[in-house]
Amino acid sequence: MGQNQPKWLNDAIFYEIYPQSFNDTNGDGIGDFQGIIQKLDYVKSLGCNALWINPCFLSPFGDAGYDVEDYYQAAPRYGTNEDLRELFSEAHKRGIHVLLDLVPGHTSVRHKWFIESMKPEQNEFSDRYIWTGNIWEKPDDLDCLRGISDRNGCCALNFFAHQPALNYGYANPDPEKKWQQSPDSPAPRATVAAMEDVMRFWLGMGCDGFRVDMAGTLIKGDPDGSANIKLWQGIRAFLDAEFPEAAIISEWGEPDKSLAGGFHMDFLLHFGPSHYNDLFRCEHPFFAKDGKGDAYEFVQTYKANRAKAPDGLICIPSGNHDMSRLSLDVDAENLPIAFMFLLSMPGAPFIYYGDEIGMRYVQGLHSVEGGYERTGSRSPMQWDFSTNGGFSSAPAEKLYIPMDNSPDRPNVEAQKADEGSLLNEVRRIIAVRREHSALGNLGGIEFIYCEKDEYPLAYVRSSADEKVLVVINPAAREVGFDSDLEIGGKIYAIGGEIKSENGKITVPPQSAGFYAIR
């Protein structure tokens, strides 16, 4: 692995928690830190040993916490800084590492930095954000705020109108636009230093690293990503020097760039060039039983990224708070097959809360805190058969987001008791992954069958002491491919076992399996 790779990442399996929707212990309808602490044993029982917690800092919550008002203060609705410190401590007692969600690209308009930057008098924060020099001059290719204060200029935005972009400079500043600063100018360097101070604070509190929001967009006007790569290499050097066991994982979606920038892992996203959506979220996903999907472009891109950045991890998540639920486009009977894939690929797996029980995308919800169509993927966790699915004792109308009100909604309690449930399948698959080094985060991979518009998908995972064949067939038909591999015994299979004879492997419909190779 790459130099100074935190050792704990070598076998990390992550669970993403959207804190406001996970577990409410004080009856206000919103999840909290004590709720996460209460469920750490559940996370461990899955086989997960790492958490990613979505933004939990003070915020007006116009974008679910991705509009930070104070990077140093926990949002009171979740608890205090001491509660968060306790969460880190209790997780560590169980062998679980914790990543916080860092939003370095923008803040809320309520952040004290922004309030100071709006003043017409020059001050320490005047250039903390990207302000043009004139109220009539918009920043290129970016939306902006203007007419909001006595300061003459427009302030660039990153996303919503309440998320002003922090100033990390421009890769190729236009000399005629004096407000476009070089990344090496004092103000952009001060922004980097401020963000390093934030990281230093939470790492000192016991946090184990960060998932970094919009990591490839900090420096503007950087089409090839080279300036942002250089910026993150500098931040990685700071972490290596002061916090060598801290992990940084990027929302970038281009591993050849993010891993070169010093990130330990990159997420494949539902946007960008990875073809991740071809697998789970399109008209005909590869993992749908209609057998009309195609994994070919995904595999070709994945192979190219691994070749360019062999020393980092690539994450293929079950989903996240920005995507539709895995169960929306993948048939319920194929969800275990999808997890056989997700939990047998290299890199550190990520499971979005509730995906392990097949939670549904809740249709027809009004937007909550900037969720819009994403709101249906953020509904409360379904723990049991009690009021509000065991999520909260608040009246239903006070819940942060309405529950899935289907009478047959899945829940943890029911699935724990059902040996054939998705929850128990996920637990077993994780256990098998942990038992076989070839299936782990660092094992090699060779794709031996992946043809355009064809099934199955087959690859060999390898380590120093074993090789494992993985065969994935979500299609509701028997398929096969030519192979001269000598297949040993079955390690684990769902939906039937392959047959290997006369140089051909035959694969049952809607099946997936792990097999030893002699």
Side-chain angles (χ1 to χ4, degrees), residues 13-16 46-48 267-270 274-299 302 314-320 322-361 377 410 415 420-433 439 445 447 449-450 454-459 461 468-477 479 491-496 498 507-514:
I13 297 178
F14 282 86
Y15 190 79
E16 178 190 349
L46 290 174
C48 294
F267 284 98
L268 298 188
L269 303 169
H270 55 298
S274 72
H275 289 273
Y276 167 86
N277 274 356
D278 297 358
L279 303 178
F280 308 115
R281 296 170 178 85
C282 61
E283 184 178 0
H284 295 290
F286 179 77
F287 280 92
K289 66 182 178 182
D290 65 8
K292 296 180 180 179
D294 182 16
Y296 181 79
E297 295 299 336
F298 165 81
V299 169
Y302 182 87
I314 298 173
C315 169
I316 309 167
S318 69
N320 68 31
D322 284 336
M323 307 179 194
S324 60
R325 283 277 182 187
L326 185 66
S327 61
L328 183 63
D329 296 304
V330 175
D331 312 280
E333 63 266 40
N334 275 16
L335 289 175
I337 298 170
F339 275 102
M340 287 285 278
F341 166 77
L342 290 164
L343 293 167
S344 66
M345 289 291 285
F350 270 74
I351 298 172
Y352 181 48
Y353 84 96
D355 280 355
E356 75 278 11
I357 60 171
M359 273 182 61
R360 300 168 181 144
Y361 176 85
S377 295
Q415 293 203 11
S421 68
L422 177 61
L423 174 63
N424 282 319
E425 283 288 11
V426 169
R427 285 174 164 169
R428 286 190 289 267
I429 298 166
I430 290 176
V432 171
R433 180 184 178 97
L439 293 173
I445 186 169
F447 292 92
Y449 188 82
C450 181
E454 298 290 342
Y455 287 75
L457 174 63
Y459 45 93
R461 296 294 317 280
V468 174
L469 171 65
V470 180
V471 183
I472 307 286
N473 179 29
R477 63 178 182 272
V479 294
I491 295 172
Y492 192 72
I494 289 174
I498 63 171
V507 190
Q510 291 179 274
S511 68
F514 307 153

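These numbers come from the heavy atoms of this one structure, side chains and all, not from hydrogens, waters or symmetry mates.
Atom CG of N473 sits about 13.0 Å away from atom CD1 of I494, to the nearest 0.5 Å.
Of the candidates L335, L423, V426, L423 is the only one forming a side chain to side chain contact (heavy atoms under 4.5 Å, CB included) with I357. When L457, D331, N334 are each tested for a side chain to side chain contact (heavy atoms under 4.5 Å, CB included) with P474, only one passes: N334.
E356 is listed as a side-chain neighbour of Y15, based on a closest heavy-atom distance under 4.5 Å. Side-chain contact between M340 and F514 is present, with heavy atoms from C-beta onward closer than 4.5 Å.
Remark: R461 pairs with no residue by the side chain to side chain donor-acceptor pair (under 3.5 Å) rule, at least two apart or across chains. For Y455, there are no side chain to side chain donor-acceptor pair (under 3.5 Å) partners at least two apart in sequence or on another chain. With sequence neighbours left out, the ring-ring contact (aromatic ring centres under 6.0 Å, His included) criterion links Y492 to no other residue. Partners of Y361 under the ring-ring contact (aromatic ring centres under 6.0 Å, His included) rule, at least two apart in sequence or in another chain, do not exist in this structure. For R281, there are no salt bridge (Lys or Arg N to Asp or Glu O under 4.0 Å) partners, not counting sequence neighbours. For R325, the salt bridge (Lys or Arg N to Asp or Glu O under 4.0 Å) test picks out D355, with sequence neighbours left out. Residues satisfying the ring-ring contact (aromatic ring centres under 6.0 Å, His included) criterion with F298, sequence neighbours excluded, are Y302. Scored by the salt bridge (Lys or Arg N to Asp or Glu O under 4.0 Å) test, R427 finds no partners at all (sequence neighbours excluded). Residues passing the salt bridge (Lys or Arg N to Asp or Glu O under 4.0 Å) test with D294 are K452, sequence neighbours excluded.
Residues in residues 334-344 take part in no salt bridge (Lys or Arg N to Asp or Glu O under 4.0 Å) pair, two or more places apart or across chains. Screening residues 336-345 for side chain to side chain donor-acceptor pair (under 3.5 Å), with sequence neighbours left out, gives S344-Y459.
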side-chain contact (heavy atoms from CB on, under 4.5 Å) evaluation trace for F341 with I316 | CA-CA 9 Å; F341 166 77; I316 309 167; 4.1 Å; yes

Got a list of side-chain donor-acceptor pairs under 3.5 Å for residues 285-293, not counting sequence neighbours?
unit_1 : atom_1 : unit_2 : atom_2 : d
K289   : NZ     : E333   : OE2    : 2.9
D290   : OD1    : K292   : N      : 3.0
D290   : OD2    : H284   : ND1    : 2.8

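Here the shortest heavy-atom pairing between S511 and G495 reads CB-O, 3.6 Å.
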